[in-house]
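First up is the structure itself, then whatever we jot down about it.
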Protein chains: 2
Amino acid sequence: MDQGFTGPAHLVLMASLARGHLIQGRSKIELAAEFGLSRFKVARLIDEARDSGLVRIEIRHHGAIDVDLSARLAERYELTHSVVVDTPEDDAASLREHLGRAAAELLNEVITAKDVLGLAWARAVSAMARSLRPLPGTPVVQLTGALTVPGGRDTSVDVVREVASSSGGTAHVFYAPFTVPDAATARALRQQPEVARAFGRLPSVTKAVAGIGLWEPGQSTLYDASSESDRQELHRLGVCADVSGVFLDIDGRPVHTELAERMIGIDYAQMRAIPELIAIPYGVAKAPAVRAALRSGLVGGLVTHTALARLVLDDG
Amino acid sequence: MDQGFTGPAHLVLMASLARGHLIQGRSKIELAAEFGLSRFKVARLIDEARDSGLVRIEIRHHGAIDVDLSARLAERYELTHSVVVDTPEDDAASLREHLGRAAAELLNEVITAKDVLGLAWARAVSAMARSLRPLPGTPVVQLTGALTVPGGRDTSVDVVREVASSSGGTAHVFYAPFTVPDAATARALRQQPEVARAFGRLPSVTKAVAGIGLWEPGQSTLYDASSESDRQELHRLGVCADVSGVFLDIDGRPVHTELAERMIGIDYAQMRAIPELIAIPYGVAKAPAVRAALRSGLVGGLVTHTALARLVLDDG
DNA sequence: AGGCACGTCGCTCATCTGAGCAGTCGGCAT
DNA sequence: ATGCCGACTGCTCAGATGAGCGACGTGCCT
């Protein structure tokens with residue numbers, strides 16, 4: 001930002017060359033001829049203009065998407081897709097709507113006829129489904145059992161069927177709860193032909209959508225639905241995030257839990273095998289969970305809002 | 001400024017590539033490898049980012065000089081040097097001071113030991129002289145006779161001597177008024193050894209400084225000092241600007257006047273021969289005169305203020 | 001089904017560009 | 001004067017880049 005001593009002529013010369021090259025796109029050789037300089041001097045002056053801050057390059061967008069934050073997130077965490085929605089709102093329901101719409105747009109844009117879509121259950125996923133335009137005959141696979149939420153309208157099954165039917169693709173669903181009281185029941189349920197059939201499709205899933213939960217009250221549907229002993233047990237194991245039933249510690253490493261044996265849903269290895277998992281986290285409290293999920297390498301796409309994105313980037 | 005339809009993923013991809021290339025300076029080939037694209041696609045996406053306005057390149061400067069306007073003026077009128085001082089002031093005296101300082105800086109920067117400096121009489125030139133640091137032994141030549149201004153402190157002779165003495169160069173001065181009552185007297189004066197000697201140095205002048213006057217009351221020292229009949233005569237001839245006694249019409253063509261024969265000072269041909277004439281106009285009213293002077297091709301350097309620069313550029 | 005129009009993609013080739021290097025000049029102490 | 005130092009300049013050469021082109025795929029109309 002400093003500048004040694006530069007007289008006005010030098011300053012204006014730098015500006016003229018910077019204009020000619022960077023804005024009008026003329027070649028340095030052409031400018032050199034016009035100004036009677038060597039092309040090397042032109043190059044040095046333009047470099048000096050950039051270094052001294054005379055030229056500023058700024059990436060911004062008139063619209064709902066903060067492209068700069070998005071790009072930085074994508075770069076930092078090697079994400080395939082990243083969408084940061086620029087909204088000042090901080091009430092959870094309206095964030096969910098906005099992110100749902102953005103995620104729907106993203107999915108509509110990136111999905112191809114060859115993809116197989118997996119959907120986990122999360123309120124944001126449900127919001128996305130509502131904004132989604134028909135996909136090109138995409139088969140849709142249910143990733144998790146149903147979790148009944150007070151006031152929630154759709155179950156995981158409903159969302160999967162809705163998306164599949166509007167897209168003209170097959171819905172691979174099963175009716176089972178997300179968690180059951182004991183491991184034996186869970187094993188039995190997984191043997192059910194319907195469930196086994198849906199799970200059999202998991203390896204073919206190429207894109208999936210999920211939420212991210214923080215293992216704290218009110219920050220994870222699964223937490224809120226768990227027993228007090230499970231909550232504490234997972235805390236003790238160092239669980240920080242849950243990604244549709246897959247538990248991660250603060251560094252993104254998978255945590256094996258006894259609870260997982262009592263759940264009907266995708267497991268860590270299966271999730272890892274999905275080429276692109278798109279997550280839709282929201283709410284500033286979830287920053288640590290989002291970082292954990294990003295570090296895990298499970299997540300290939302992120303749809304979130306400015307405040308959370310900034311927190312996630314701020315230290316990581 | 002428009003943008004066809006681009007989904008969020010496309011938008012963010014453009015932003016990521018633009019960041020990588022334009023800001024971090026990585027090569028398109030490197031980015032292509034990293035993103036799994038061809039270098040051609042990378043180039044096209046970056047072009048699209050520029051065209052769609054996603055990337056903005058801005059040239060600005062924290063300081064007294066509006067480098068962008070300066071560069072635009074220089075480009076439009078093929079000026080060697082152009083300095084637009086960014087000042088909100090519009091009172092003539094303070095403008096004069098600011099421009100004088102800027103012109104002094106410019107002159108100090110661009111003058112070399114081989115230059116010969118010519119100075120016309122103008123209040124802005126006088127202001128410049130006061131801010132000028134010593135030049136490298138530059139000879140200084142007086143271009144015009146003396147014009148006595150009510151309240152003006154320096155004559156053309158004083159300014160030339162002052163600059164020359166502080167620089168350690170020779171002062172080529174002559175004592176004669178700028179205008180005399182008849183052509184015969186003017187001829188006689190030009191024969192004077194002292195005057196002839198100074199005029200003999202004119203062809204060696206490499207850089208000169210002058211003001212620009214608009215042929216209207218209060219916009220030209222020369223106008224104000226002229227007789228009513230001269231004023232009207234020159235109006236009739238289409239005189240728009242005077243550049244230290246050289247008269248130009250609105251398109252910058254020289255206007256031959258009978259008044260010129262009664263003046264002791266540089267003429268059009270001699271002025272045209274000066275490699276770089278730096279003009280210091282100020283005051284928004286003078287815009288037409290400045291355009292005329294710039295179109296004439298006489299002026300190679302301009303020092304002015306934002307408001308006038310903008311007017312000059314706005315249509316030309 | 002075939003043909004057409006359009007858009008997209010990646011190639012070739014000539015040009016542009018950057019990194020590093022050697023020559024030149026002015027300032028300065030000896 | 002003489003020789004050194006640092007700043008600046010323009011060169012070489014290899015790598016990066018852009019313009020233009022044909023190939024390909026897609027959707028649409030006949």
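Chain A is the first sequence line, chain B the second, and so forth, proteins listed ahead of strands; every chain is numbered from 1. Keep in mind the model is a prediction, meaning the values are calculated, not measured.
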Measure [atom1]/[X] against [atom2]/[N] and give the value in whole Å, please.
X	N	atom1	atom2	result
A/Glu48	D/dT9	CD	C1'	15 Å
A/Asp47	D/dT9	CG	P	14 Å
B/Arg39	C/dC11	CZ	C1'	9 Å
B/Leu37	C/dT8	CG	P	15 Å
B/Asp51	D/dG18	CG	C1'	14 Å

Got a sec, which residues hit side chain to side chain donor-acceptor pair (under 3.5 Å) with [X], two or more places apart in sequence or on another chain?
X	result
A/Glu276	none
A/Ser27	none
A/Asp86	A/Thr306
B/Glu75	A/Gln24

Please list, by residue number, the residues of residues 22-36 of chain B whose heavy atoms come closer than 4.0 Å to an atom of DNA chain D; answer none if no residue qualifies.
B/Ser27, B/Lys28, B/Ile29
Sequence neighbours left out, what passes salt bridge (charged side-chain N to carboxylate O under 4.0 Å, His left out) with B/Arg197? Give chain and number order.
none
Hits for salt bridge (charged side-chain N to carboxylate O under 4.0 Å, His left out) against B/Arg19, two or more places apart or cross-chain, chain-then-number order -> A/Asp68
Expected output: side-chain B/Asp115 to main-chain B/Ile111 donor-acceptor under 3.5 Å
no
Can any side-chain N or O of B/Thr206 pair as donor or acceptor with the backbone N or O of B/Val116 at less than 3.5 Å?
yes
Under 3.5 Å, which donor-acceptor pairs link side chains of residues 164-173 of chain B to any protein atom two or more places apart or in another chain?
from	atom 1	to	atom 2	distance (Å)
B/Ser165	OG	B/Arg161	O	3.4
B/Ser165	OG	B/Glu162	O	3.3
B/Ser166	OG	B/Val163	O	3.3
B/Ser167	OG	B/Leu135	N	3.1
B/Ser167	OG	B/Val163	O	2.8
B/His172	NE2	B/Arg201	NH1	3.1

Minimum heavy-atom separation for B/Leu117 to B/Val205, with atom names?
C-CG1, 4.3 Å
Closest non-hydrogen atom pair between B/Tyr77 and B/Val312, with its separation:
OH-O, 3.8 Å
Reading DNA chain C 5' to 3', how would its secondary structure be written in dot-bracket notation, given Watson-Crick and G-U pairs with both distances under 3.5 Å, brackets [ ] for crossing pairs and | for partners on other strands?
||||||||||||||||||||||||||||||
So the side chain to side chain donor-acceptor pair (under 3.5 Å) pairs with at least one residue in residues 34-43 of chain B (sequence neighbours excluded) are B/Arg26-B/Glu34
A quick test of your reading: do over 12 heavy atoms of other residues, nucleotides or ligands sit less than 6.0 Å from CD of A/Glu58?
yes
Would you tabulate the pairs of protein nitrogen or oxygen atoms and nucleotide nitrogen or oxygen atoms of nucleotides 20-25 of chain D closer than 3.5 angstrom?
none

Atom pairs, protein N/O to nucleotides 6-8 of chain D N/O, distance under 3.5 Å:
none

